[in-house]
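Following: one structure in C-alpha cells, then a few remarks.
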Amino acid sequence: MSTEDLRSFYGRYLAELNAHETGRMDEFIHDEPTLNGSPGTRDDVLAVQRQAMAAVPDLHWELQELLVDGDRLAARLVNTGTPAREWLGAAPTGASFRIVEFAIYQVRDGRFLHMTALHDGEELRRQLA
C-alpha cells in the first residue's frame with residue numbers, strides 16, 4: 001500500500017471506531033494479529049475495543065498526527081469521553097476526560113498485523129478524580 005493508501009485506510013478505520021461499529025473490522029484487522037506484543041485473534045482485539053466502548057459510551061478518537069514508514073504507522077490521538085464503567089483502572093465519576101494515546105501498527109496484506117497502543121492512564125485518573 002502506498003503512503004496515501006495507508007493514510008486513507010487509517011482514516012476509514014478511525015471512522016468505524018468513532019461510529020462504534022466493529023462489524024467490519026475484518027477489513028482492517030488480520031485474523032491473528034498481535035496486540036501490545038501478545039499474539040491473539042481478531043476477536044481478542046474486538047473484545048478490547050468493545051470493552052472500551054461499553055465502558056465509555058461516547059469514546060471518541062481524534063487523530064493528531066499520523067506518520068507512515070513503509071508498512072508501519074504511528075499515530076498520536078486524543079481520546080475523549082465520559083466513562084460509565086471502570087476503564088484503564090479509573091472508576092467513573094461523572095467527569096469527562098481528554099487523554100493522549102500513542103498507537104503503532106504494522107500493515108500486512110492490507111490489514112493490521114501488529115497493533116500496539118499506549119494510553120495516558122495517569123492523566124485519565126487525575127481528570128476523573
Tell me, with the steps shown, if Leu118 and Glu101 meet side-chain contact (heavy atoms from CB on, under 4.5 Å).
CA-CA 6 Å; Leu118 176 66; Glu101 174 186 351; over 6 Å; no
Is there a donor in the side chain of [X] and an acceptor in the side chain of [Y], or the other way round, less than 3.5 Å apart?
| X | Y | result |
| --- | --- | --- |
| Ser8 | Arg12 | yes |
| Thr34 | His114 | yes |
| Gln49 | Gln51 | no |

So which atom in [X] and which in [Y] form the shortest heavy-atom distance, rounded to 0.1 Å?
| X | Y | result |
| --- | --- | --- |
| Ala95 | Pro83 | O-CD, 3.6 Å |
| Asp26 | Arg42 | CA-NE, 3.3 Å |
| Arg108 | Leu113 | NH1-CD2, 3.5 Å |
| Ile29 | Pro33 | CG2-CG, 3.7 Å |

Find the distance between [atom1] ([X]) and [atom2] ([Y]) and round it off to the nearest 0.5 Å.
| X | Y | atom1 | atom2 | result |
| --- | --- | --- | --- | --- |
| Thr93 | Arg125 | OG1 | CZ | 13.0 Å |
| Asp43 | Met25 | CG | CE | 13.0 Å |
| Leu128 | Glu86 | CG | CD | 10.5 Å |
| Arg76 | Gln64 | CZ | CD | 5.0 Å |
| Phe102 | Glu65 | CZ | CD | 8.0 Å |
| Ile99 | Arg126 | CD1 | CZ | 11.5 Å |

Close side-chain approach of [X] to [Y], heavy-atom, < 4.5 Å:
| X | Y | answer |
| --- | --- | --- |
| Trp87 | Leu59 | yes |
| Val78 | Arg98 | yes |
| His60 | Leu17 | no |

Is a side-chain donor or acceptor of [X] paired with a backbone partner of [Y] at a separation under 3.5 angstrom?
| X | Y | answer |
| --- | --- | --- |
| Asp69 | Arg72 | no |
| Thr116 | Ala103 | no |
| Asp44 | Thr41 | yes |
| Asp58 | Thr82 | yes |

Give the intermediate values and the outcome of side-chain contact (heavy atoms from CB on, under 4.5 Å) for residues Glu16 and Thr22.
CA-CA 7 Å; Glu16 291 293 316; Thr22 58; over 6 Å; no
Just one of Asn79, Leu88, Val100, Val56 clears the side chain to side chain contact (heavy atoms under 4.5 Å, CB included) bar with Leu124, so which one?
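When Asn79, Leu88, Val100, Val56 are each tested with Leu124, the side chain to side chain contact (heavy atoms under 4.5 Å, CB included) holds only for Leu88.
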Compute the centroid of each ring, for Trp61 and then for Tyr13, and state whether the two points are separated by less than 6.0 Å.
no
Are Phe9 and Phe28 close enough that their ring centres sit under 6.0 Å apart?
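Distance test on ring centres: under 6.0 Å, yes.
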Do [X] and [Y] share a hydrophobic cluster, counting only Ile, Leu, Val, Met, Phe, Trp and Tyr and linking them when any side-chain heavy atoms are less than 4.5 Å apart?
| X | Y | answer |
| --- | --- | --- |
| Met1 | Ile104 | no |
| Val48 | Leu14 | yes |
| Leu63 | Phe97 | yes |
| Leu66 | Leu6 | yes |

Side chain to side chain donor-acceptor pair (under 3.5 Å) partners for Asn36, two or more places apart:
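Per chain and number, Asn36 pairs via side chain to side chain donor-acceptor pair (under 3.5 Å) with no residue.
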Over 12 foreign heavy atoms within 6.0 Å of CD, Glu122:
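Counting neighbours around CD of Glu122, 12 or fewer heavy atoms of other residues, nucleotides or ligands fall under 6.0 Å, so no.
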Give the intermediate values and the outcome of side-chain contact (heavy atoms from CB on, under 4.5 Å) for residues Arg7 and Thr3.
CA-CA 6 Å; Arg7 288 182 179 282; Thr3 296; 3.9 Å; yes
Could you walk me through whether Phe112 and Leu73 satisfy the side-chain contact (heavy atoms from CB on, under 4.5 Å) test, starting with their C-alpha distance in whole Å, then the side-chain angles of each, then the deciding distance to 0.1 Å, before giving a yes or no?
CA-CA 10 Å; Phe112 296 126; Leu73 304 172; 4.0 Å; yes
Does the distance from a Lys or Arg side-chain N to an Asp or Glu carboxylate O, for Arg111 and Asp31, drop under 4.0 Å?
yes
